[in-house]
Amino acid sequence: MFYEKKDNRYILRIRVTPNSSVSGFSDIYKDINNLEYLKVNLNSVPEKGKANQELIKLLSKFLKIKKSSFSVISGQTDRNKKILLDEPVSQYIDEQLNKLEAL
């Protein structure tokens, strides 16, 4: 799974591909440690946080959760990122994240 639940919140592992022709969720990527990341293609360039902003906007729209609930906690300038979803664990969010897992 590309996400984990910690302290009644979610931490999402995301691998971004900036400068893509189409923005959207792609599939699941496994790193050398066998950790899963959700692959996300972004139109934005990786300059001045534009790609991170687009990523948060995309996640917010898909999950129907306000953008302020998301924050990049590691990987601000890296392709592999950890995103904190500062919302209590819920069945709705689990179901939505599982839809992405099934890509």
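- No side-chain heavy atom of E36 sits under 4.5 Å from any side-chain heavy atom of Y29.
- With a 6.0 Å radius and a threshold of 12 heavy atoms from other residues, nucleotides or ligands, Q91 has its CD atom at or below the threshold.
- Between the side chain of K81 and the backbone N or O of I14, no donor-acceptor pair lies under 3.5 Å.
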Exercise for the section: Begin from the C-alpha positions of Q53 and K50 and carry the test side-chain hydrogen bond (donor to acceptor under 3.5 Å, both in side chains) through to its verdict. Expected result: CA-CA 5 Å; Q53 290 171 359; K50 291 178 184 175; over 6 Å; no
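- Sorted by first then second residue, the ring-ring contact (aromatic ring centres under 6.0 Å, His included) pairs that include residues 53-103, not counting sequence neighbours, are F25-F62.
- Taking all atoms of both residues into account, the shortest heavy-atom contact from Y3 to L12 is CB-CD2, 3.5 Å.
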Do any side-chain atoms of residues 37-46 form donor-acceptor pairs under 3.5 angstrom with protein atoms, and if so which ones, sequence neighbours left out?
from : atom 1 : to  : atom 2 : distance (Å)
N43  : OD1    : S23 : OG     : 2.8
N43  : ND2    : S20 : O      : 2.9
N43  : ND2    : S21 : O      : 3.0
S44  : OG     : E54 : OE1    : 2.4

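- The distance from the CD1 atom of I56 to the CG atom of L85 is 10.5 Å, given to the nearest 0.5 Å.
- Using a 4.5 Å heavy-atom cutoff, the side chains of L63 and L97 are in contact.
- Atom CD of residue E4 and atom OH of residue Y10 lie 12.5 Å apart, to the nearest 0.5 angstrom.
- Remark: D7 CG is loosely packed, at most 12 non-hydrogen atoms of other residues, nucleotides or ligands lying under 6.0 Å away.
- Once rounded to the nearest 0.5 Å, the distance linking CE of M1 with CZ of R13 reads 9.0 Å.
- A distance of 8.5 Å separates CG of N52 from OG1 of T77, quoted to the nearest 0.5 Å.
- The closest donor-acceptor contact from the side chain of Q76 to the backbone of G49 lies at 3.5 Å or more, if one exists at all.
- No continuous path of hydrophobic side-chain contacts links L84 to V89 [ILVMFWY only; heavy atoms under 4.5 Å].
- With values rounded to the nearest 0.5 angstrom, I83 atom CD1 is found 8.0 Å from S74 atom OG.
- When every heavy atom of F2 is checked against every heavy atom of E101, the shortest pair comes out as CD2-OE1, 3.1 Å.
- Ion pairing between D31 and R15 fails under the 4.0 Å rule for side-chain N and carboxylate O.
- A single hydrophobic cluster is seen to contain both L55 and V72, as judged by linkage of ILVMFWY side chains at heavy-atom distances under 4.5 Å, directly or through other members.
- Here CG of N8 is found 10.5 Å from CD of E87. Values are rounded to the nearest 0.5 Å.
- Using a 4.5 Å cut-off on side-chain heavy atoms (C-beta onward), R79 and T17 make contact.
- Using a 4.5 Å cut-off between side-chain heavy atoms of Ile, Leu, Val, Met, Phe, Trp and Tyr, with links allowed through other members, I73 and I93 fall into different hydrophobic clusters.
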